[in-house]
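Basis for what follows: all heavy atoms, side chains included, without hydrogens, waters or symmetry-related copies. Numbers restart at 1 for each chain; the letters A, B, ... are given by sequence-line order, proteins then strands. Model, not experiment: these values are computed from the prediction.
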Protein chains: 2
Amino acid sequence: MKRDSRLSGVLHILLHMADAGEPRTSEQLAKAMRTNPVVVRRLLGGLRDAGLVHSEKGHGGGWTVARNLAAISLADIYRAIGRPALIAMGNRDDAPDCLVEQAVNAALEASFREAEALLLARFERVTLAALADEFHARLAALPTACKDPVHG
Amino acid sequence: MKRDSRLSGVLHILLHMADAGEPRTSEQLAKAMRTNPVVVRRLLGGLRDAGLVHSEKGHGGGWTVARNLAAISLADIYRAIGRPALIAMGNRDDAPDCLVEQAVNAALEASFREAEALLLARFERVTLAALADEFHARLAALPTACKDPVHG
DNA sequence: CCATCACGCACTAATTAAAGTTACATGAAA
DNA sequence: TTTCATGTAACTTTAATTAGTGCGTGATGG
């Protein structure tokens, strides 16, 4: 099954925005992501509704991060993009009246819910500031000659 | 994204097989699963290669469980069906040369690997025998009047 | 030894989720 | 008032999975 890359994508966008310091347009962000401006708007729309980013129309407009990076956790972002499934497996929903199926599903569900809780707990504790720090550490580790690693 | 139901499905099949005590054909199992015989064969093919089930052609042929139920763990089955992804999220593989993307991916990967390890550890400890017990407990909890809950 | 049964495999069709595209409305700035 | 940028909706394209069909192979039993 295909894995959802929305969380990864939105984090990528957010760090680029934060790094810029001034409003970035959907088009600029799309170029960095090698995707389409409308896709960027769709991704960020949920974050705007959640108050994590701000968008401005017209000349000089674009997207900005609305809070301090340390005040935004991965869990905030996860919720803002609509809490997509974390676990790749689910139950067959055919034959839910079969007791065998019910026993199987109950056993699997318990494990899956536990793993989800673990992930969410970790997401609560990781902030955008921490990700930005990791990025800057990687940048510092680079030879000085080639420090334009941020595309776009 | 769509959730993979192969593990759930194959467990359903295995418990039906175990419950029957004699060889079940793909067609019988498919009827219980409300699916196609070929789907059943595909699901069980990996388990046969792993030695978990046995298949026999011709008259009186069909599928049987090859080991004691207590000697088959969910992890055995998970591996036999090809270790499908447990986590529904992945990395965008565009722009892997971007340090921002790398930092994001590294942070997410760590969490995902931890959740996967948790799930696998649980799968190691759950046997088919345990699932069968849970099924029989559910059966016993039913009013005596309606004890044909196993379809097919 | 031939009819039947059941699995094995390769190929095709159908479904579906995600992404991209286009078009146009809205509002802000120069 | 022209240009720029977001907001949203509708539509198309694309990619991947899954289901299904047909035929080959081997085993059974009359």
Side-chain angles (χ1 to χ4, degrees), chain A residues 1-10 12-13 17 20 22-50 52-66 81-82 84-85 88-95, chain B residues 1-10 12-13 17 20 22-31 33-50 52-66 81-85 88-95:
Chain A
M1 78 270 39
K2 176 129 182 152
R3 299 222 277 280
D4 186 339
S5 62
R6 279 178 293 168
L7 182 59
S8 165
V10 88
H12 190 178
I13 294 176
M17 284 167 59
E22 57 183 3
R24 305 264 86 185
T25 68
S26 307
E27 194 161 308
Q28 292 171 317
L29 295 169
K31 194 163 291 178
M33 302 280 296
R34 308 206 183 139
T35 182
N36 189 292
V38 178
V39 173
V40 171
R41 292 192 200 123
R42 274 204 283 254
L43 278 176
L44 292 183
L47 301 209
R48 180 192 54 235
D49 297 345
L52 302 180
V53 299
H54 176 71
S55 65
E56 196 76 39
K57 291 181 177 177
H59 281 278
W63 299 88
T64 47
V65 182
I81 63 178
M89 293 183 165
N91 303 328
R92 308 168 22 80
D93 35 29
D94 290 345
Chain B
M1 74 267 41
K2 178 135 185 159
R3 305 228 284 275
D4 186 340
S5 62
R6 278 179 293 169
L7 182 59
S8 165
V10 87
H12 190 178
I13 294 175
M17 283 167 59
E22 57 183 4
R24 307 262 86 185
T25 68
S26 308
E27 195 159 21
Q28 293 171 317
L29 295 169
K31 194 162 293 178
M33 303 279 295
R34 307 205 184 141
T35 182
N36 189 292
V38 179
V39 173
V40 172
R41 292 193 196 121
R42 270 203 285 259
L43 278 176
L44 293 183
L47 302 208
R48 179 191 55 233
D49 297 345
L52 302 180
V53 301
H54 176 72
S55 66
E56 196 76 40
K57 290 181 177 179
H59 282 279
W63 299 89
T64 46
V65 181
I81 63 178
R83 305 171 191 254
M89 293 183 166
N91 304 329
R92 307 167 25 79
D93 35 29
D94 290 345

Would you mind writing out the side-chain donor-acceptor pairs for residues 40-49 of chain A within the sub-3.5 Å range, not counting sequence neighbours?
{"unit_1": "A/Arg41", "atom_1": "NE", "unit_2": "A/Ser26", "atom_2": "OG", "d": "3.2"}

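The minimum heavy-atom distance linking B/Ala88 with A/Ala85 is given by the pair CB-O, 3.3 Å. For B/Met17 against B/Val53, the heavy-atom pair with the smallest separation is CE-CG1, 4.0 Å. Contact record, A/Met33 with A/Gly9: CE-O, 3.5 Å, taken as the closest heavy-atom pair. Considering all non-hydrogen atoms of both residues, A/Gly90 and B/Ser8 come closest at O-CB, 3.7 Å. Minimum interatomic distance between B/Thr25 and B/Trp63 (heavy atoms only, all atoms of both residues): C-CD1, 4.2 Å.
Taking atom NE2 on B/His54 and atom P on D/dA27, their separation rounds to 11 Å, with Å as the unit.
Annotation: the span from A/Asn36 atom CG to A/Glu27 atom CD amounts to 9.5 Å, rounded to 0.5 Å. Distance check, rounded to the nearest 0.5 Å: CG of B/Leu29 to OG1 of B/Thr35 gives 11.0 Å.
Scanning DNA chain C 5' to 3' for nucleotides with an atom closer than 4.0 angstrom to a non-hydrogen atom of chain B gives a first and last hit of C/dT4 to C/dA18.
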> After noting the C-alpha distance and the side-chain angles of B/Arg24 and B/Glu22, does the key distance pass the side chain to side chain contact (heavy atoms under 4.5 Å, CB included) rule?
Replying inline: CA-CA 6 Å; B/Arg24 307 262 86 185; B/Glu22 57 183 4; 3.8 Å; yes

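Base contact: B/Val38 has a heavy atom under 4.0 Å from a base atom.
A heavy atom closer than 4.0 Å to some atom of DNA chain D occurs in A/Arg41, A/Arg42, A/Arg48, these being the qualifying members of residues 41-48 of chain A.
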Collect all protein-nucleotide pairs involving nucleotides 28-30 of chain D in which both atoms are nitrogen or oxygen and the distance is under 3.5 Å.
{"unit_1": "D/dT28", "atom_1": "O2", "unit_2": "B/His59", "atom_2": "NE2", "d": "3.3"}

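Summary of the strand contacts: A/Gly61 and B/Ser5 both lie near DNA chain D, and taking for each the nucleotide with the nearest heavy atom, the more 5' one is attributed to A/Gly61. Projected onto DNA chain C by closest heavy-atom contact, A/Asn36 and A/Asp4 fall at different nucleotides, the more 5' of which corresponds to A/Asp4.
Qualifying side chain to side chain contact (heavy atoms under 4.5 Å, CB included) partners for A/Pro84, counting only residues two or more places apart in sequence or in other chains: A/Asp4, A/Arg6, A/Tyr78, A/Ile81, B/Met89. Residues passing the side-chain hydrogen bond (donor to acceptor under 3.5 Å, both in side chains) test with B/His54 are B/Glu56, sequence neighbours excluded.
For the pair A/Ser55 and D/dG7, the criterion of a side-chain N or O lying under 4.0 Å from OP1 or OP2 is met.
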